[in-house]
2 protein chains.
Amino acid sequence: MAGNYSVQRETIYQALKSTKIHPSADWVYARCREKMPGIGLATVYRNLEALVEQGRAIKINVAQGKDRYDADISPHFHTVCPVCGKVSDCETDEDIVALLERECGKRGYQGWSLVFTDVCPDCRTNK
Amino acid sequence: MAGNYSVQRETIYQALKSTKIHPSADWVYARCREKMPGIGLATVYRNLEALVEQGRAIKINVAQGKDRYDADISPHFHTVCPVCGKVSDCETDEDIVALLERECGKRGYQGWSLVFTDVCPDCRTNK
DNA sequence: AATAAAATGAGAATTATTCTCAAATTTGCT
DNA sequence: AGCAAATTTGAGAATAATTCTCATTTTATT
């Protein structure tokens, strides 16, 4: 297999690793442009997908339109704010992780995703 | 509060209740047009959202673009096929449900969603 | 260094969803 | 039942997110 590396891809990966906000493609694009003004949006989309395929990132699908990405591939839970769509990490109970991993294996599934709904502090305040 | 009823809304709800495929808006649209040829696509989108707000349906966010809806509002798990995006119900372990409900309450969250990744039989065959 | 393979940037194209608004339906009242 | 106010509809335009195309550049292989 040839290829599999480009300056852009690593820049994108670094940008993704640098944050815990579970950014969308356009956030990553803006971040990358600071270091690499010529980078294209399509390149960002392409490489985020590539990172997911390579197992270096995960994609989180939530309402509010945009797909979100996360370079933290360890098994963990997320919350989504039903008002603004913000995705956050939340306390991840290791016993539940173990249970889900076991359940997943038992059923022959490839993975799981546990997402809680939680109005975020910002949206709770502005209400 | 006035309003809150229309022939269209009930037709859309019936269409959604009639299937277990967790359809997207366009599927519901096509289904409704059989009984009500003049119905508009925007009406379907509007009412699916309304049903979710009323707690009569849930929205399932998965990759592959389209949002999916489900008139089954009982707590249950889903699988998503990473190849074709199909959403299915899967065996829902009541002990895990109870655990997640408890965890949710303990944390003050409003709800949870547990989705497993599983290549569906069709995609397993065509490979 | 030469060649093949893969990735890029730009913008066009596609897809899903939301918005706008005049007309129609439904609701609440008398 | 009849009427006004409120809500909802259908059609198509508008928006937003993502994917595609393709000529050029970068990376990998010899």
Side-chain angles (χ1 to χ4, degrees), chain A residues 1-16 22-54 56-69 80 82-87, chain B residues 1-16 22-54 56-69 80 82-87:
Chain A
M1 162 207 339
N4 211 34
Y5 167 85
S6 75
V7 184
Q8 287 85 345
R9 181 168 304 167
E10 291 315 308
T11 304
I12 289 163
Y13 183 57
Q14 292 308 322
L16 189 59
H22 310 84
S24 53
D26 62 338
W27 185 96
V28 175
Y29 176 56
R31 196 65 147 58
C32 288
R33 295 237 285 181
E34 292 167 10
K35 304 240 163 157
M36 187 181 265
I39 198 170
L41 179 56
T43 301
V44 172
Y45 272 100
R46 265 191 303 248
N47 281 297
L48 287 171
E49 272 320 301
L51 289 168
V52 170
E53 265 163 43
Q54 291 171 9
R56 295 206 281 163
I58 57 169
K59 188 183 199 169
I60 307 164
N61 300 106
V62 289
Q64 314 275 349
K66 309 178 195 173
D67 289 339
R68 310 298 216 87
Y69 296 86
V80 177
V83 180
C84 70
K86 193 185 299 162
V87 178
Chain B
M1 156 213 336
N4 209 35
Y5 167 83
S6 75
V7 182
Q8 286 84 345
R9 182 169 305 167
E10 291 315 309
T11 303
I12 289 162
Y13 183 56
Q14 291 309 321
L16 189 59
H22 310 82
S24 53
D26 62 337
W27 186 95
V28 175
Y29 176 55
R31 197 63 146 61
C32 289
R33 294 239 286 181
E34 294 168 9
K35 302 238 165 163
M36 188 181 263
I39 198 169
L41 178 57
T43 300
V44 172
Y45 272 100
R46 266 190 306 245
N47 281 296
L48 287 171
E49 270 323 298
L51 289 168
V52 171
E53 267 164 40
Q54 293 172 8
R56 296 207 280 162
I58 58 169
K59 188 181 196 168
I60 306 164
N61 302 105
V62 289
Q64 315 274 348
K66 310 179 195 172
D67 289 339
R68 309 299 213 89
Y69 296 85
V80 176
V83 180
C84 70
K86 192 185 301 164
V87 178

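Labels below follow one simple rule: chain letters A, B, ... track the order of the sequence lines, proteins then strands, and each chain is numbered from 1. Computed over heavy atoms, backbone and side chain alike; hydrogens, waters and symmetry mates excluded.
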Please find the pair of heavy atoms, one from A:A25 and one from A:V44, that lie closest to each other, and give the distance. O-CG1, 3.6 Å
In terms of the nearest nucleotide of DNA chain C, which residue is placed more toward the 5' end: B:D67 or A:G40? A:G40
Mind checking B:S6 for me? I need base, sugar-phosphate or nothing, with any heavy atom below 4.0 Å counting as a touch. sugar-phosphate
Walking DNA chain C from its 5' end, the first of A:R33 and B:A25 to be reached, judged by nearest nucleotide, is A:R33
Presence of salt bridge, B:R56 and B:E10, under 4.0 angstrom: yes
Contact under 4.0 Å: A:N4 side-chain N or O vs C:dA5 OP1/OP2: no
Please state how far atom NZ in A:K66 lies from atom P in D:dT15, giving the value in whole angstrom units. 16 Å
Distance check needed: C:dT17 C1' versus B:Y69 OH, whole Å only. 9 Å
Closer than 3.5 angstrom, by distance alone: can the side chain of B:R68 be matched with the main-chain N or O of B:I60 as a donor-acceptor pair? no
Would you indicate, yes or no, if C:dT17 has its OP1 or OP2 atom less than 4.0 angstrom from a side-chain nitrogen or oxygen of B:Y45? yes
Where A:I12 and A:L51 come nearest, the two heavy atoms and their spacing: CG2-CD1, 4.1 Å
Interatomic distance, A:N61 CG vs D:dA17 C1' [rounded to whole Å]: 13 Å
What's the closest nucleotide to the B:A42 side chain, out of C:dT17, C:dC19, C:dT8? C:dC19
Would you say a side-chain N or O of A:Q8 is under 4.0 Å from OP1 or OP2 of C:dG9? yes
Nearest-Å distance for atom pair CD/P, residues A:E49 and D:dA17: 16 Å
Given atom CG of A:L48 and atom P of C:dT8, what is their separation to the nearest angstrom? 11 Å
Calculate the interatomic distance between A:M36 atom CE and D:dT26 atom P; express it in whole Å. 11 Å
Heavy-atom closest pair (A:Y29 atom, A:G40 atom, distance to 0.1 Å) is CE1-C, 3.7 Å
Report yes if the side chains of B:V7 and B:M36 come closer than 4.5 Å at any heavy-atom pair, otherwise no. yes
Figure out the CG/P separation between B:L41 and D:dG10, and round it to whole Å. 11 Å
Quick one: which of C:dG9, D:dT27, D:dT9 gets closest to the side chain of A:Y5? D:dT27
Roughly how many Å is it from CZ in A:R9 to P in D:dA28, rounded to a whole number? 10 Å
Non-hydrogen side-chain atoms of A:R9 and A:R46 separated by less than 4.5 Å: no
Show the distances under 3.5 angstrom between N or O atoms of the protein and N or O atoms of nucleotides 22-24 of chain D.
none

